[in-house]
Every structure is written in C-alpha cells, then in structure tokens.
Asker: 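For reference, the structure I am asking about is given below.
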Amino acid sequence: MPELPEVETVVRALRPHIEGRVLESTEAYDPALLPGIKPLSLPAQVRRLARRGKYILIELEKGTLVVHLRMSGRLVWCKMGVPEGRVRLALRFPHGSLQLVDRRRLATVEFVKKFEKPLGPEPFGDLSWLLYALAKSRMPIKAWLLDQRKIAGIGNIYAAEILFRAGIDPRRPARSLTKGEVQRLVKAIPEVLEEAIAGRGTTLPDAEYRAPTGELGAFQVKLAVYGQKVCQACGTPIWRVKIAGRSTYFCPNCQR
DNA sequence: TCATCCCTGTGG
DNA sequence: CCACAGGGATGA
C-alpha cells in the first residue's frame, strides 16, 4: 500500500517519537516475524530513523531494523494500549510502543548489520541518468518505473500519476521514449513525489493508510488518473489495462 | 521479462 | 465462485 511518499510521511511523523530513545524490548504476535528479529540485542538506542526506497530503517547501535510495509502494513505509535487491527509486532520504548499492524500479513521486519538491498537510485536530484538507462530497456515504461532495482520508491499509484504528468503512454517501451519525453519524465518524477509528500500521502476511500499518529493523507484529491473514470484534464474516459500484472490507469488522449 | 506466489479481506 | 487490492521475491 504505501509508496515512497507514504513511507516518507511515516518516517517524518515517527522521528520525534523514537529517534534517540532506547528500544527496550520487542513482542512478536506473528511467529513469522521471529527469525527476522532474533539477532536483535536489546536494549539499544535508536541512532536515526531513515528511509531508502520504500524501506523504513530504524538504525540501532549494532545494526538496523529494516521494516517494509508491503501492501497493508502500518506503523502505529501508541503511548499506551493497543491500536485497532491485527498487531503483528510491538517495539517497546519507555514512553510508548511502536506497533506493526498488518491485515494481510505481508509486511516484513529484519535486523541486519548493514542495510543492503538491490535498489536503484532515489527518485530525486539530478535524474538525467534516466536518458541512458531507459535507452537500454524494452520493458513498458510503467513496468520500468515500478522496478525497484532501476529506480527506488515508485509504486502503482505514482507511476500512473507520473506518466500522466509527463504525457506518456504507460505501454510504450522504455527505449522508445524521445529525448524530450525523457526530459518530461525527469521533471515529473520528483514533482509528483514531492507534491504527494507535501500532501502527506494518498489515503484511498477503502484503504488503511495513515501516519503513525492517525493522520490521513490528502493527496488522493489530486490524483489525475489513478482510480479515475474520466480524465481530470480533458474529460476523456480513462483506460484501465494490465501492465506487469498491475492495474494501470491512463488517459489515451493526454498520454501518447 | 513474465507469471506465480505470498496472505487476507472485500465486493461483484 | 472469482477478481482485485498501494508490495516484492522467485524461478522459468
């Protein structure tokens, strides 16, 4: 469920609660998470809370607790008591606990000495490298943007929004993009993601995304194509196709 | 590069 | 009953 903007929102909201504080104990309610947290030695101070792609990095003294929320995971900060929903893991601090709530049980947690994942660059800063990278791939551009090894953090919603902003048909092979189209993409990627972060992410009508203190996202009202019936720009009916097994929304008029 | 699987719940 | 849901790892 959460893509980069949602994960970034979670990290920013959580940071003042746990950075510098001492993690005292953990309690796994889902046995599937036990192997991942076994190597964790406690108590340990939280040095830093960070994000890389869609991963949440809780950097401790002797390693990093790596959390991925996948489709339905949420991190909830609780001063006391328990949150609603299926709690899979609790991280206990003296002043409260951080709980992983996850309806579909797809979220992952693991403690590692060093964070190492095959992730592409962050989708910010100078993205001119896209010109060379895209020229090498026959993948549909939408599938390419979703591939975390190529560029980190973009998911199904924002891939659709980015391609709409750039005016590019998601089915186009990556290497078929003209220089001008890649330039539009280079501009659209950080623009869309930064606007979504400013809106504190997207909370869809039936979805459970919210920040750790319960705050809902606000970017859903700005979605141009994802989940839409007609194009917000030209009124043309939005097309929905499958690319790389995922629902893909686009405007056949605005995106060529 | 693609289908399949993981897991659970909801809605048609 | 089946399709679908914002994630990614895996093996063909």
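Within every chain, numbering begins at 1; the chains are lettered A, B, ... in the order of the sequence lines, protein sequences first and strands thereafter. Basis for what follows: all heavy atoms, side chains included, without hydrogens, waters or symmetry-related copies.
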Asker: Find the partner of dC7(B): check Watson-Crick (N1-N3 plus N6-O4 or O6-N4) and G-U wobble (N1-O2, O6-N3) distances, both under 3.5 Å, and reply none if neither fits.
Answerer: none

Asker: From CD of E110(A) over to P of dA9(C), roughly how many Å is that when rounded to an integer?
Answerer: 10 Å

Asker: With heavy atoms under 4.0 Å as the rule, sort Y158(A) into base, sugar-phosphate or nothing.
Answerer: nothing

Asker: Please state how far atom CD in Q148(A) lies from atom P in dG8(C), giving the value in whole angstrom units.
Answerer: 4 Å

Asker: When you get a sec, tell me which of dG8(C), dC2(B), dC7(B) is the closest nucleotide to the side chain of R105(A)?
Answerer: dC7(B)

Asker: Hey, quick one: are L14(A) and I37(A) part of the same hydrophobic cluster, counting side-chain heavy atoms closer than 4.5 Å, chains of contacts allowed?
Answerer: yes

Asker: Which nucleotide wins on minimum distance to the side chain of E3(A), given the candidates dT1(B), dG7(C), dC4(C)?
Answerer: dG7(C)

Asker: C1' atom, dA5(C) versus dT1(B): distance in rounded Å?
Answerer: 23 Å

Asker: May I have the distance from M71(A) (atom CE) to dT10(B) (atom P), rounded to whole angstrom?
Answerer: 15 Å

Asker: Name the closest nucleotide to the R70(A) side chain, picking from dT1(B), dC2(B), dG7(C).
Answerer: dG7(C)

Asker: Is K222(A) salt-bridged to E195(A), going by a charged N under 4.0 Å from an acidic O?
Answerer: no

Asker: So that I know where these two stand, are F250(A) and F164(A) an aromatic pair - ring centroids less than 6.0 Å apart?
Answerer: no

Asker: With heavy atoms under 4.0 Å as the rule, sort G245(A) into base, sugar-phosphate or nothing.
Answerer: nothing

Asker: Does the distance from a Lys or Arg side-chain N to an Asp or Glu carboxylate O, for K117(A) and E110(A), drop under 4.0 Å?
Answerer: yes

Asker: Whether R200(A) and E6(A) form a salt bridge (side-chain N of Lys/Arg under 4.0 Å from carboxylate O of Asp/Glu) is what I want to check.
Answerer: no

Asker: Can you find a side chain N or O atom of R138(A) that sits less than 4.0 Å from OP1 or OP2 on dC2(B)?
Answerer: no

Asker: Taking atom C1' of dG7(C) as reference, at what distance in whole Å does atom CG of L145(A) sit?
Answerer: 16 Å

Asker: Separation of K142(A) atom NZ from dG7(C) atom C1', in whole Å?
Answerer: 13 Å

Asker: Quick one: is K117(A) getting a side-chain N or O under 4.0 Å of the dG7(C) phosphate, OP1 or OP2?
Answerer: no

Asker: Closest approach to the side chain of K242(A), judged atom by atom: which nucleotide of dG7(C), dC4(C), dA9(C) is it?
Answerer: dC4(C)

Asker: Do R104(A) side-chain and dC7(B) base share a donor-acceptor contact under 3.5 Å?
Answerer: yes

Asker: Starting at CZ of R246(A) and ending at P of dG8(C), how long is that distance when rounded to a whole Å?
Answerer: 8 Å

Asker: L146(A) has an atom CG; how far is it from atom P of dG7(C), in whole Å?
Answerer: 7 Å

Asker: Regarding T213(A) and E215(A), do their side chains bring together a donor and an acceptor under 3.5 Å, going by distance alone?
Answerer: no

Asker: Identify, between H68(A) and R103(A), the residue whose nearest nucleotide on DNA chain C lies closer to the 5' end.
Answerer: R103(A)

Asker: Return the 5'-most residue of the pair R149(A), K54(A) with respect to DNA chain C, ranking by each residue's nearest nucleotide.
Answerer: K54(A)

Asker: Taking only the side-chain nitrogens and oxygens of S247(A), find out if one of them lies under 4.0 Å from OP1 or OP2 of dA5(C).
Answerer: yes

Asker: In whole Å, I'd like the distance from the CG atom of D102(A) to the C1' atom of dG7(C).
Answerer: 10 Å

Asker: Using a heavy-atom cut-off of under 4.0 Å over every strand shown, decide if R88(A) touches base, sugar-phosphate, or nothing.
Answerer: nothing

